[in-house]
Amino acid sequence: MVMTRALHPADLWPGIKAHFGKAYKQMEKQYSRYFEDKSSDKAYEEFVESTTFGLPDIKNEGQAIRFDTDSEGYKTRLTNVVWGLGWMASREEIEDNQYESRASRRSRNLAYSMAQSKEIVHAAHFNNGFSASFTGGDGVALFSTSHPTLAGNKANKPTVDADLSEASLEDELINARLMTNSRGLKMYFRARELVVPPQLGFVAERLMKSEKQSGTANNDINAVRSSGMLSRGYSVWDYLTDANAWFLMIDNVPEGLVTLQRRKLEMEQDNDFDTENAKAKATERYISGWVDWRCVRGTSGA
């Protein structure tokens, strides 16, 4: 669609005190707090699970030792895609516009649209993470009680979803610590951060900052705070859409939530020879996804 003088007729004459609607303070970058940025030089990248070894057996005298195999588990393929947006304006619209600063702001706003889209794309892994329609390399949703492993189905969500409270948070902190690798061996999995939508920000603040048990007359200490189990406290991700869902980020999972950057954001401008329309566009090539589901636990709330 071409922007013509008819779209902004007031801009053709002096007298406007100010334009509003585009000068708001823009949101800061948030997704990189949860996703690991990686570069990519291919059309797609693959991540393959290594199952490692199980536990040893007792070797009886004169009997052969049992040999185990370190086999290949599930694969995750992330294919880079191009995201793009542009604007086009007639030469007359640009020539007759009395407010040059307003016109020059268009490309800056275009860049912000690209940045906000990137946040929404990343948050979608959490927002759709409980849906069987959005599966990962192991064939199930990101947050599931049935992630297939060589040691049986494993979970990164509670069997019964629960709203955020002191009791449910403590239960999930314990469940995070009890997670194992594909062969059922214990690893150093520890929750480092509570992630909530804006609607749960004040609940998280009370749970994390109260010295005593939150919301009770008990004189017991706030065990979550005193134990220091959540080393990075909590954060509010503005792009989470479920008002009841909350999440725990887990340490010691190097290939968890990843962003593959194939091509960084590029801005280009040009003019069409026949119409003399001015054009500007922004493109970026990347993909986000999850590899090892142990990197995060989540519940959709009660």
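For clarity, every value in this text was computed on a predicted model and none was experimentally measured.
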| query | Does a side-chain heavy-atom distance below 4.5 Å link V258 with L78? | reply | yes
| message | Applying salt bridge (Lys or Arg N to Asp or Glu O under 4.0 Å) as the test, list every pair that has at least one member in residues 147-165; sequence neighbours left out. | response | K157-D161
| For D70, which residues count as a side-chain hydrogen bond (donor to acceptor under 3.5 Å, both in side chains) partner, sequence neighbours excluded? | S50
| query | Does K38 pair with E255 as a salt bridge, N-O distance under 4.0 Å? | reply | yes
| Can any side-chain N or O of S227 pair as donor or acceptor with the backbone N or O of V224 at less than 3.5 Å? | yes
| query | What distance do L200 atom CG and L240 atom CG have between them, rounded to the nearest 0.5 Å? | reply | 9.5 Å
| When you measure from the side chain of S144 to the backbone N and O of V140, does any donor-acceptor pair fall under 3.5 Å? | no
| said: Among residues at least two apart in sequence or on other chains, which ones pass salt bridge (charged side-chain N to carboxylate O under 4.0 Å, His left out) with E119? | reply: none
| note | By side-chain contact (heavy atoms from CB on, under 4.5 Å), A123 pairs with (sequence neighbours left out) N127, W237, Y239
| Minimum-distance pair of heavy atoms, taken over all atoms of P148 and D138 | CG-O, 3.6 Å
| If we ignore angles and hydrogens, is there a donor and acceptor under 3.5 Å between the side chains of E276 and S90? | no
| So do the side chains of L178 and K186 get within less than 4.5 Å of each other, counting heavy atoms only? | yes
| request: Report yes if some heavy atom in the side chain of I250 is under 4.5 Å from a heavy atom in the side chain of R190; otherwise report no. | output: no
| query | Is the Y286 ring parallel, tilted or perpendicular to the H122 ring (thresholds 30°, 60°)? | reply | parallel
| query | Should the pair E266-K264 be classified as a salt bridge under the 4.0 Å nitrogen-to-oxygen rule? | reply | no
| Nearest-0.5 Å distance, CZ of residue R225 to CG of residue L230 | 13.0 Å
| query | Yes or no on side chain to side chain donor-acceptor pair (under 3.5 Å) for T51 and E72, after CA distance, side-chain angles and deciding distance? | reply | CA-CA 6 Å; T51 61; E72 180 180 291; over 6 Å; no
| note | Connected to F273, directly or through other members, by ILVMFWY side-chain contacts below 4.5 Å are none
| Does the side chain of S288 come under 3.5 Å of the side chain of T259 through a donor N or O and an acceptor N or O? | no
| remark: Rounded to the nearest 0.5 Å, the OG atom of S113 sits from the CZ atom of R108 at a distance of 12.5 Å
| field | Under 3.5 Å: donor-acceptor pair, side chain of R183, backbone of T149 | value | no
| request: Cation-pi check, R33 to Y31: give yes when NZ or CZ is under 6.0 Å from the six-membered ring centre and within 45° of the ring axis, no otherwise. | output: no
| field | Residues D272 and T275: side-chain donor-acceptor under 3.5 angstrom | value | yes
| query | With sequence neighbours excluded, what pairs up with D242 under the side-chain hydrogen bond (donor to acceptor under 3.5 Å, both in side chains) test? | reply | none
| query | Do the side chains of W246 and S300 get nearer than 4.5 Å, heavy atoms only? | reply | no
| task | For the pair T180 and L185, evaluate side chain to side chain contact (heavy atoms under 4.5 Å, CB included) and give the outcome as yes or no after the intermediate values. | result | CA-CA 5 Å; T180 61; L185 274 63; 5.7 Å; no
| message | Does this structure show an ion pair linking D57 with R66, if we count only N-O contacts that are shorter than 4.0 Å? | response | yes
| field | Beyond-backbone contact of M267 with L110, side-chain heavy atoms, under 4.5 angstrom | value | yes
| Side-chain donor-acceptor pair under 3.5 Å between Y34 and E193, yes or no? | no
| task | Taking the six-membered ring for Trp and the single ring otherwise, decide whether the centroids of H147 and W293 are under 6.0 Å apart. | result | yes
| Do you know which two heavy atoms are closest between A245 and P197, and how far apart they sit? | O-CD, 3.0 Å
| Can we say K281 and D270 salt-bridge, meaning some charged N sits less than 4.0 Å from an Asp/Glu carboxylate O? | no
| message | Determine whether a donor-acceptor pair (N or O, by modelled atom type, separation under 3.5 Å) exists between the side chain of T299 and the backbone of P158. | response | no
| query | Is it true that a side-chain atom of D251 and a backbone atom of A191 form a donor plus acceptor pair closer than 3.5 Å? | reply | no
